Structures are given as C-alpha cells and as structure tokens.
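Remarks on the structure that follows.
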Amino acid sequence: MEKMKKMEKMKKLGFGMMRLPITEAGNPKSIDQERVNRMVDYYLEKGFTYFDTAYPYHQGMSEAATRRALVERHPRDAFALADKMPVWLVAGQEDYRKLFDEQLERCGVDYFDYYLLHSLGEKYYADTLKTDGFAFMKTLKSEGKAKHIGFSYHDSAERLDRILAEHPEMEFVQLQINYIDWENESIESRKCYETATKHKKPVIVMEPVKGGSLADVPEEAKKLFEACRPNMSPASWAVRFAASLDNVRVVLSGMGNLEQVVDNTGYMTDFEPLNEAEYGVIAKATEIINSSIAIPCTACLYCVDGCPRNIPIPQFFSLYNNQARFRRVPSHVSYYLNLTQRHGKASDCVECRQCEQHCPQHIAIVEKLKEVSRVFDR
Ligand SMILES: NC(=O)c1ccc[n+]([C@@H]2O[C@H](COP(=O)([O-])OP(=O)(O)OC[C@H]3O[C@@H](n4cnc5c(N)ncnc54)[C@H](OP(=O)(O)O)[C@@H]3O)[C@@H](O)[C@H]2O)c1
Ligand code: SF4
Ligand code: SF4
C-alpha cells in the first residue's frame, strides 16, 4: 500500500477522456482541441491531476488529444496519466510491446503513471492468461514505464475475487460504480467494491453518472435532490455517491464540456462525503428510477434451476431493464457477453416453458427473452 501513497493524496475527481467535445456531430474523431485545452487547463488550475485515456476512445484519437491538451502544454509532474492495454487486439505476446510503444508515442510520454489491462472479464482474462499479459504488466512496472499496474473490470464479483487472488501484483482496479448499479444483480457494483476492498486494492470508479443517465433523472427524483441541496446538480449526487466510499481513490467523470468541469470541480474541491440524510435521498431517488422498469423480475431465482440451456434469466432481465432505461451505456453489452461465456444466450431458449411455471411474477419469460435477444444477441 506504501507505493500507492501518491494516489491517496490526490483529489478524488478524475478526468475521463472518452466523451470530449467534437466539432462534427456523429464523428467522434473530430475532437474540438481548443475546447479540450480549456477544459484541461481549468481542471488543473483547480488542483485536480488524474487523467484517464485509452486506445479506442474517440476511435483512436483520445490519446493524441490528451497529448496536445495535457502533455505538450503542462509539466509532466503536474498530472498523472492512466492508459490501458487494448487486450482484444493482442493475438500473441509480441503485440503487447508493440501496442504499448504506440500508446507512449500517441500520448507523447515515456511512462504512464497508471497502466491497466482494459476491460477484463471472463473472456479477456482467459485471453490475457494465454498470452502472458500479466507478466508483461510486471515487466512494465520493473522498467518504470508503468508506475502502477491494474485493470478495469466488467464482470461478476466472484470472478474478480479469483483474478485478484491469482494476481496479487495488480495494485488497483477500475470498477463501474454508481448508485443505480450498486445493488444491481448483473453489474454487482457493491459486491465488486467489497471484493477489491477485501484484497486491499484501491478502486478507481468509472461511469459514476452511468454515462450521463444520472444527470437526467425523472422529475420526481430531481425535486428530492433540489429540496435537499438547492444548488447542486443531479450529476453531483452521483459523483459524490461514488466518492464517499472510503476505498475509492478517484472517481472518473467523462466530462464533455467546460460547464461540467466547472460544476464537478466546484463541489469536489473541498469534497464533503454524503451524510445520512443524503443517503436517504439517494435511496428514494433509486426507488423512483427503478420503478419505471420494463420487466418486473424480482430476481427470486425460482425459474433458473431446471432450465435445460442454463440461461441466467434474472441477470438478462436486469441488464435489459438497465439498457431500456439508460440507453447510452455500452458496457451492458460487455456484461451480457461475459455472462454468455458460461451460460446460454437468450436466443438459446428452446421454449420448454418450465421456467414460466415457477415465476411468482407471472412473467412471460419466453417472450421477454426474445426481446433480450433482439437487444443483445448481435
Ligand atoms: N472499461 C473501461 O476501462 C472504461 C469504461 C467506461 C469508462 N471508462 C473511463 O471512465 C470515465 C468515466 O466514465 P463515463 O464517461 O461513463 O462517466 P460518467 O461520469 O458516468 O458519464 C459522463 C457523462 O455524464 C454527464 N455529466 C458529467 N458531469 C456532469 C455534470 N456536472 N452535469 C451534467 N452532466 C454531467 C455528461 O453527459 P451528457 O453531456 O451527455 O449529459 C458526461 O458525458 C470515461 O470517460 C473513461 O475515461 C473506462
Ligand atoms: S423456456 Fe427457455 S428459458 Fe425457460 S426453461 Fe425452457 S429453455 Fe430455459
Ligand atoms: S422466477 Fe420470475 S421473478 Fe423470479 S427470477 Fe425468474 S423471471 Fe424473475
């Protein structure tokens, strides 16, 4: 833990370089560099230091935009930069070095402060083991080219427990944590957080505002927030929820304009964790948001035991509900694909209907699985 001291002293708001302003609608490559420069300058002026980029963001242009806004305009010791190995592009061990060197060049740096294996889940974990990716990460650390090594993660808490037990050399994890996913049975934010904490690994949070969805909550929830804290945005509640967790070191927000940077740096400068009354408001807001659900599955699991195709019905319904409510969150597809590594797909259903006989909510499971399949089986 000694080695992670620098991270402990950092302010808790990180800058995610994944949703930068663009000049042409629909063209993620057309990054508005002048605006990014102003956003980065403002964020640094306010005393924040952590930036998170990755190989695929903005179709390969985020790393270069980060170089222009940050690396070419500010001293190297004024910021911490995190980047990630695109594990899906690795076919053999030699690819790691090639990709890593390309990333150093794109970013204009000779080391990363934090370097992650990008988006580990069942499949990419297995692939990374095959290509000896963990050994490569250790080599980077011993060379000083990655000051700290970790991974970002979208899968079950159980698997996270295994990965952390098998790879104690990983120093931190990046998890999807927000108040809506906290108890979600597919995403398992709380359980993943508790698992990382059990292994004494600090957590970096991604998607605290659920990709922007929690900035735009139902009117009833908005009124609750305003009654409690009249001058604070709905997004601030989501970021503060994640930042209030003791073992969270940085909460990444994918800020897309200067107003969002001003808002977020404002309440995060002298960060105040949520108090008991505010946790109560979040609980009520969660209920309001969850009450508009598409499939009223209670996750009782009565349906799953006898399924001949081992379909994880409640998890699929939970992901479907989430996707229906929060359309902009691409990681739902990753969770679905990870589940299908060890379970049947929604389209594998043979319509035997034995599950429907057990469902206390009388859900037309076979029909609903067809909708799940339409959304996720691509
Ligand atoms: N597997 C991985 O490693 C992985 C996956 C996902 C993300 N990440 C990293 O984590 C970062 C954070 O995730 P995210 O971008 O999904 O974060 P997020 O904070 O959940 O969502 C960002 C969006 O929230 C809205 N927002 C933020 N602050 C706001 C404010 N003050 N007022 C109003 N709206 C606000 C904006 O959306 P609108 O402008 O549309 O309202 C913004 O684009 C990413 O940028 C990326 O660096 C990593
Ligand atoms: S109807 Fe489909 S989901 Fe239900 S038990 Fe049969 S195969 Fe499984
Ligand atoms: S039995 Fe019905 S309510 Fe229970 S988990 Fe299955 S689909 Fe959901």
Side-chain angles (χ1 to χ4, degrees), residues 119-127 129-130 153-166 175-196 198 210 286-287 289-327 329-378:
S119 212
L120 285 197
E122 178 157 9
K123 178 171 178 349
Y124 293 147
Y125 179 53
D127 292 350
L129 288 179
K130 265 187 237 147
Y153 185 75
H154 283 117
D155 206 337
S156 68
E158 194 186 341
R159 185 164 308 280
L160 179 62
D161 193 33
R162 215 186 95 199
I163 299 177
L164 289 174
E166 290 172 0
L175 300 175
Q176 172 168 336
I177 294 182
N178 57 64
Y179 64 80
I180 284 292
D181 292 330
W182 187 241
E183 294 294 352
N184 183 288
E185 58 274 14
S186 319
I187 295 170
E188 298 193 335
S189 284
R190 177 179 58 76
K191 289 184 186 162
C192 285
Y193 170 78
E194 287 170 0
T195 302
K198 181 182 91 176
K210 205 157 168 71
T286 304
E287 259 174 51
I289 296 167
N290 279 338
S291 66
S292 56
I293 52 168
I295 304 175
C297 169
T298 59
C300 67
L301 302 178
Y302 293 175
C303 56
V304 292
D305 273 353
C307 175
R309 309 315 288 257
N310 190 23
I311 296 172
I313 300 165
Q315 280 110 316
F316 282 178
F317 287 171
S318 158
L319 280 179
Y320 178 86
N321 283 338
N322 240 304
Q323 176 78 6
R325 224 177 302 130
F326 305 117
R327 284 186 193 285
V329 184
S331 63
H332 294 149
V333 177
S334 310
Y335 283 103
Y336 181 83
L337 292 176
N338 281 328
L339 280 168
T340 59
Q341 296 292 310
R342 52 190 186 282
H343 294 282
K345 299 201 288 276
S347 58
D348 291 339
C349 172
V350 293
E351 305 193 16
C352 65
R353 296 187 193 272
Q354 77 83 27
C355 54
E356 293 185 354
Q357 291 161 25
H358 298 289
C359 178
Q361 310 302 321
H362 308 292
I363 294 169
I365 296 176
V366 171
E367 291 315 306
K368 294 297 179 195
L369 281 176
K370 287 182 185 161
E371 288 179 36
V372 172
S373 177
R374 257 200 308 279
V375 173
F376 292 111
D377 286 324
R378 299 182 186 158

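Starting from 1, each residue takes its place in the sequence as its number. If you're wondering where the values come from, they're calculated on a predicted model, not measured in any experiment.
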- Given side chains that start at C-beta, do those of Tyr153 and Cys192 come closer than 4.5 Å, heavy atoms only? yes
- Task: List in chain and number order the residues that pass side chain to side chain donor-acceptor pair (under 3.5 Å) with Glu371, two or more places apart in sequence or in another chain; answer none if no residue qualifies.
- Result: Tyr320
- Indicate yes or no: at least one non-hydrogen side-chain atom of Gln176 is less than 4.5 angstrom from one of Tyr335. yes
Please table the atom pairs, donor to acceptor, closer than 3.5 Å between any side-chain atom in residues 351-358 and protein atoms at least two apart or in another chain.
residue: Glu351; atom: OE2; partner: Lys370; partner atom: NZ; Å: 3.4
residue: Arg353; atom: NH1; partner: Glu356; partner atom: OE1; Å: 3.3
residue: Arg353; atom: NH1; partner: Glu356; partner atom: OE2; Å: 3.3
residue: Gln354; atom: OE1; partner: His358; partner atom: NE2; Å: 3.4
residue: Gln354; atom: NE2; partner: Gly306; partner atom: O; Å: 3.4
residue: Glu356; atom: OE2; partner: Ile365; partner atom: N; Å: 3.0
residue: Glu356; atom: OE2; partner: Val366; partner atom: N; Å: 2.8

- Query: Listed by chain and number, what are the salt bridge (charged side-chain N to carboxylate O under 4.0 Å, His left out) partners of Asp127, not counting sequence neighbours?
  - Reply: Lys123, Lys130
- Mind listing the closest non-hydrogen atom pair of His332 and Leu319 along with its distance? O-CD1, 4.0 Å
- Query: Would Arg342 and Asp155 pass as an ion pair if we require N to O under 4.0 Å?
  - Reply: yes
- side chain to side chain donor-acceptor pair (under 3.5 Å) partners for Thr195, two or more places apart: none
- Given side chains that start at C-beta, do those of Phe376 and Thr340 come closer than 4.5 Å, heavy atoms only? no
- Could you list the residues that satisfy ring pair (Phe, Tyr, Trp, His ring centres under 6.0 Å) with Phe316, not counting sequence neighbours? Tyr336
- Query: Under the side chain to side chain donor-acceptor pair (under 3.5 Å) test, which residues partner Tyr125, sequence neighbours left out?
  - Reply: Glu166, His167
- Task: Please name all residues satisfying side chain to side chain contact (heavy atoms under 4.5 Å, CB included) with Glu185, sequence neighbours left out, ordered by chain then number.
- Result: Ala299, Ser318
- Task: State which residues pass ring pair (Phe, Tyr, Trp, His ring centres under 6.0 Å) with His343; sequence neighbours excluded, sorted by chain then number.
- Result: none
- Item | Set of side chain to side chain contact (heavy atoms under 4.5 Å, CB included) partners for Ser189, sequence neighbours left out | Ile177, Asp181, Trp182, Ile187
- Only counting residues at least two apart or in another chain, list the ones meeting side chain to side chain donor-acceptor pair (under 3.5 Å) with Lys345. none
- Query: Residues in salt bridge (charged side-chain N to carboxylate O under 4.0 Å, His left out) with Arg309, at least two apart?
  - Reply: none
- Salt bridge or not for Lys198 and Glu194, using N-O below 4.0 Å? no
- Item | Value rounded to 0.5 Å, distance of CG in Asn310 from CG in Asp305 | 10.0 Å
- dist Leu337:CG -> Glu122:CD (nearest 0.5 Å) comes out at 11.5 Å
- SG (Cys349) and NZ (Lys368) are apart, to the nearest 0.5 Å, by 14.0 Å
- Separation of Arg162 CZ from Leu160 CG (nearest 0.5 Å): 11.5 Å
- Query: Is a donor on one side and an acceptor on the other found under 3.5 Å between the side chain of Asn338 and the backbone of Ser334?
  - Reply: yes
- On a heavy-atom basis, the closest approach of Ile311 and Asp348 is CD1-C, 4.1 Å
- Asn322 CG to Asn184 CG distance, which is reported to the nearest 0.5 Å: 5.0 Å
